[in-house]
Amino acid sequence: MHHLLTLEHMPRAMLEHLLVRAQDLAADAEGGVARRHVLAGKAVCTLFFEPSTRTRSSFSLAAQRLGADLLNFDASTASTTKGEADLDTLKTLEAMGVHAFVVRHKRDGAVAELAAAANPGTVLLNAGDGRSNHPTQGLLDMLTLRQAKGEDFAKLRIVIVGDVKHSRVARSDLHALRALGCGEIRVCGPAALLPEDGTLDGCVVSHDFDAAIEGVDAAMMLRLQRERMAEGLVASLEDYHRDFGLDAARLRRAAPEAIVMHPGPMNRGIEITDEVADGPQSRVLRQVANGVAVRMAVLEALLG
Ligand code: ASP
């Protein structure tokens, strides 16, 4: 693996290796074990052409915990606003000696294009491109599931709920869940927000959340991308909440120890109620914590 662009077709053994390594690194961090020698002398740049809270901060922390020099490039205040091409920006930073770029872009495939044009030794990590891929989110979600439910994904029943059509998180989760042999993957949402392009092959697709959540071990909620309201894909927030929002009553239909996940940012009161988001079954902050560990494991594997 030279770059991390997608989890699609990543071999199961590689996925599992990264998850095990992330778990070890998380334990080291908790135990105060320093890992600052791993990337000493390497320069990592976060290059974000789209907003981010969790992904950017956790990549930054991960790089610093491994001892890398860190450059945070904010495309909203830089020469990109003067029309500089994305590739020129990358080449400029490459010339300064940056070894790895963590890139988020609103266009599908943009990170892969930059990877193809970068110098041979440069490493690209996809931090989310369009609706296509968000591989480190997929990994941190798998780590969260593994911690809660164990290594054997074959016995798991999972439901992914909401705006799958526009979600790079859902796509990366699906790639990883399939590779790890998840027993049953259910996908639930309004018909207008479910893709019809083969993304859901092998999944049990439903528009009835009460039925789809029955007996599951984990509910993976997605952000309702409110920008879709303008496109008329969702009738109203009230309707969406009634049909696809996760509240405590619905959660009782899941398996007793079921966990609830959400990649953030959450629309509280729309796809998830406060009671569930902050309740005992929520793993939302665990996902955030795992994000740092997973990003350390990935940076170490690609640059260490
Ligand atoms: N933060 C995630 C992403 O960048 C999920 C979301 O925005 O809904 O894809």
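Counting starts at 1 for both ligands and their atoms, in listed order.
Listed by atom number, the atoms of ligand 1 under 4.0 Å from V169 heavy atoms are 2 (C), 5 (C), 9 (O). Atoms of ligand 1 lying under 4.0 Å from any heavy atom of R104, numbered from 1 in the order shown and given with element: 4 (O).
Scanning all heavy atoms of the two residues, the minimum distance from H2 to V123 falls at O-CG1, 3.6 Å.
Both the sub-6.0 Å distance and the 45° axial angle are satisfied by R295 relative to the ring of F59.
Inter-residue side-chain proximity for R54 and Q287 is flagged as unmet; no heavy-atom pair is nearer than 4.5 Å. Side-chain contact between L124 and L90 is present, with heavy atoms from C-beta onward closer than 4.5 Å.
Remark: distances from the non-hydrogen atoms of G264 to ligand 1 include one below 4.0 Å. Residue contacts with ligand 1 do not include E50, since none of its heavy atoms lies under 4.0 Å from the ligand. The shortest separation from a heavy atom of S52 to ligand 1 is not under 4.0 Å, leaving the residue out of contact.
Only the side chain of R168 comes within 4.0 Å of ligand 1, judged by heavy-atom distances.
Salt bridge E8/R171: absent, no basic N to carboxylate O contact under 4.0 Å.
Closest to atom 6 (C) of ligand 1, if we only count protein heavy atoms, is R223 NE, 3.3 Å.
Considering R168, R56, R131, K106 as possible partners of E50, the one that fulfils the salt bridge (Lys or Arg N to Asp or Glu O under 4.0 Å) test is R168.
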